[in-house]
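Note sheet for the following structure.
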Amino acid sequence: MAGHSKWKNIQKRKNAQDAKKGKIFMRHAKDIYNAAKQGGGDLDTNATLRLAVEKAKADNMPNDNIDRNIKKATGTLDGATYEEITYEGYGPGGVAVIVNVLTDNKNRTAADIRHAFKKNGGNLGENGSVSFMFDRKGYIIISNEAGSIDEDSITLDALEAGAEDVTVQEGAYEIYTEPEDYQEVVNHLTSNGYEIADGEVTLIPQNYNKLPKEDEDKMMNLIDTLEESEDVQDIHHNLEESH
């Protein structure tokens with residue numbers, strides 16, 4: 001995991017998304033859904049969900065939107081029945097792509113995902129065609145933009161809580177855990193006064209794929225197209241973004 005920073009990719013994508021009107025609530029909705037799905041809908045016991053809700057409220061996301069996404073994740077939303085589906089494939093230049101969706105119409109969603117790949121120089125594959133290139137891990141970001149958090153202290157605290165690895169990035173610490181240890185590590189760090197900037201159980205690429213600018217631009221267009229779908233919850237890929 002050392003040598004590559006998921007955090008840098010996250011920052012670039014979020015900055016790009018936030019610059020587009022209408023993207024902010026969509027990102028918050030996905031963060032809230034994922035946090036509630038992984039750790040339950042109780043804000044008192046799910047620190048990741050609490051953080052996601054606080055961020056959404058700071059951007060003036062309506063409470064109804066927040067509650068609806070928590071209910072979707074916990075299966076308590078009346079009306080439509082939502083199904084989770086995972087698509088795997090390759091983007092331009094052979095970049096591995098995994099797309100997780102939540103949909104009440106899988107035929108519509110399948111057509112949208114297939115069209116997005118085809119339009120942007122990619123192709124869908126069978127289940128398992130690229131997932132072997134990723135490891136499922138808990139992933140936690142502790143912001144250190146002020147430089148006030150001592151590396152030895154946070155490393156010791158994280159490892160004592162059950163974390164696997166701590167890496168230093170510019171302005172942040174990345175902490176990796178086994179999926180089953182994620183919530184315990186988050187709770188431990190929070191109780192010790194650390195502020196969680198971001199966190200989730202996610203897929204971490206085993207290796208990253210760096211592309212020429214033309215192919216990278218096509219890949220970014222594929223990601224943008226997929227993000228336009230209201231059904232898409234997560235997009236995982238092994239592109240090493242350069243700009």
Side-chain angles (χ1 to χ4, degrees), residues 1-2 4-11 13-14 17 24 27-59 61 63 65-67 69-76 84 98 100 102 134-205 233-236:
M1 287 179 283
H4 296 285
S5 174
K6 179 179 172 65
W7 177 239
K8 291 179 182 177
N9 281 0
I10 288 174
Q11 289 295 85
R13 295 305 302 156
K14 286 188 175 179
Q17 289 172 347
I24 298 176
R27 174 169 60 80
H28 286 312
K30 292 175 183 177
D31 289 346
I32 290 168
Y33 173 86
N34 289 330
K37 186 69 176 178
Q38 293 162 9
D42 189 341
L43 296 179
D44 291 331
T45 59
N46 187 341
T48 306
L49 177 59
R50 186 164 63 247
L51 173 67
V53 169
E54 287 172 356
K55 288 183 176 180
K57 288 184 175 180
D59 282 332
M61 186 173 184
N63 288 332
N65 293 25
I66 293 171
D67 292 340
N69 281 281
I70 294 174
K71 289 178 179 178
K72 274 187 185 181
T74 55
T76 57
E84 291 182 280
I98 298 176
N100 296 324
L102 181 73
F134 296 78
D135 294 320
R136 187 167 178 79
K137 296 289 181 183
Y139 176 76
I140 303 163
I141 280 289
I142 305 291
S143 178
N144 191 35
E145 293 182 1
S148 58
I149 301 176
D150 177 69
E151 179 181 349
D152 290 339
S153 296
I154 191 172
T155 299
L156 182 61
D157 285 339
L159 295 179
E160 284 184 345
E164 276 192 331
D165 191 22
V166 179
T167 63
V168 182
Q169 300 297 337
E170 184 177 351
Y173 292 101
E174 291 181 316
I175 300 170
Y176 296 89
T177 78
E178 286 297 329
E180 60 270 19
D181 297 329
Y182 167 78
Q183 196 62 55
E184 184 176 344
V185 175
V186 167
N187 292 342
H188 179 85
L189 292 172
T190 302
S191 67
N192 278 273
Y194 294 103
E195 184 175 344
I196 308 296
D198 213 335
E200 60 182 337
V201 175
T202 186
L203 296 177
I204 304 294
Q233 296 295 309
D234 288 300
I235 303 167
H236 306 283

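Nothing fancy with the numbering, it's 1 onward along the sequence.
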Looking only at heavy atoms, which two atoms of [X] and [Y] are closest? And how far apart?
X    : Y    : value
I66  : A56  : CD1-CB, 4.1 Å
T74  : A36  : CG2-O, 4.3 Å
Y139 : Y182 : O-CE1, 3.7 Å
N69  : M61  : ND2-CE, 4.2 Å
A161 : V185 : O-CG2, 3.6 Å
E84  : Y33  : OE2-OH, 3.5 Å

Q: Return yes if a side-chain donor-acceptor contact under 3.5 Å exists between S143 and Y173, otherwise no.
A: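 There is no such pair (donor and acceptor under 3.5 Å, judged by atom type) between the side chains of S143 and Y173.
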Review point. Please walk me through it: do T48 and E200 pass side chain to side chain contact (heavy atoms under 4.5 Å, CB included)?
Key: CA-CA 7 Å; T48 306; E200 60 182 337; 5.7 Å; no
- Message: So, using side-chain hydrogen bond (donor to acceptor under 3.5 Å, both in side chains) as the criterion, who are the partners of D181 when residues are at least two apart?
- Response: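 Partners of D181 under the side-chain hydrogen bond (donor to acceptor under 3.5 Å, both in side chains) test: none.
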What I'd like to find out is whether the side chain of [X] reaches to under 4.5 Å of the side chain of [Y], using heavy atoms alone.
X    : Y    : answer
D165 : I175 : no
D59  : H28  : yes
I140 : I196 : yes
E195 : I142 : no
L156 : D152 : no

**Q.** Residue pair E164, T177: steps toward the side chain to side chain donor-acceptor pair (under 3.5 Å) verdict
**A.** CA-CA 5 Å; E164 276 192 331; T177 78; over 6 Å; no
Rounded to the nearest 0.5 Å, what's the gap from [atom1] on [X] to [atom2] on [Y]? Could you check?
X    : Y    : atom1 : atom2 : result
L43  : E54  : CG    : CD    : 8.5 Å
K37  : I32  : NZ    : CD1   : 16.0 Å
D157 : D150 : CG    : CG    : 10.0 Å
K72  : I70  : NZ    : CD1   : 12.5 Å

By side chain to side chain contact (heavy atoms under 4.5 Å, CB included) - contacts of N100 (at least two apart)
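Expected list: T86, I98, D234, H236.
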>> Go through it in stages, so that I can follow the logic: the residues are F134 and I204, the test is side chain to side chain contact (heavy atoms under 4.5 Å, CB included), and I'd like the CA-CA distance, side-chain angles, deciding distance and then a yes or no.
In response: CA-CA 5 Å; F134 296 78; I204 304 294; over 6 Å; no
Under 3.5 Å, side chain of [X] to main-chain N/O of [Y], donor-acceptor pair present?
X    : Y    : value
N46  : G41  : no
N192 : H188 : yes
Q38  : V201 : yes

Under the criterion side chain to side chain contact (heavy atoms under 4.5 Å, CB included), I'd like the reasoning laid out for K57 against N63: C-alpha separation, chi angles, the key distance, then a yes or no.
CA-CA 8 Å; K57 288 184 175 180; N63 288 332; 3.4 Å; yes
Original post:
Between E174 and I141, does a side chain to side chain contact (heavy atoms under 4.5 Å, CB included) hold up when you go through it step by step?
Top reply: CA-CA 5 Å; E174 291 181 316; I141 280 289; 3.4 Å; yes
Review point. Do the charged groups of E178 and R136 touch, with an N to O distance under 4.0 Å?
Key: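 R136 and E178: not salt-bridged.
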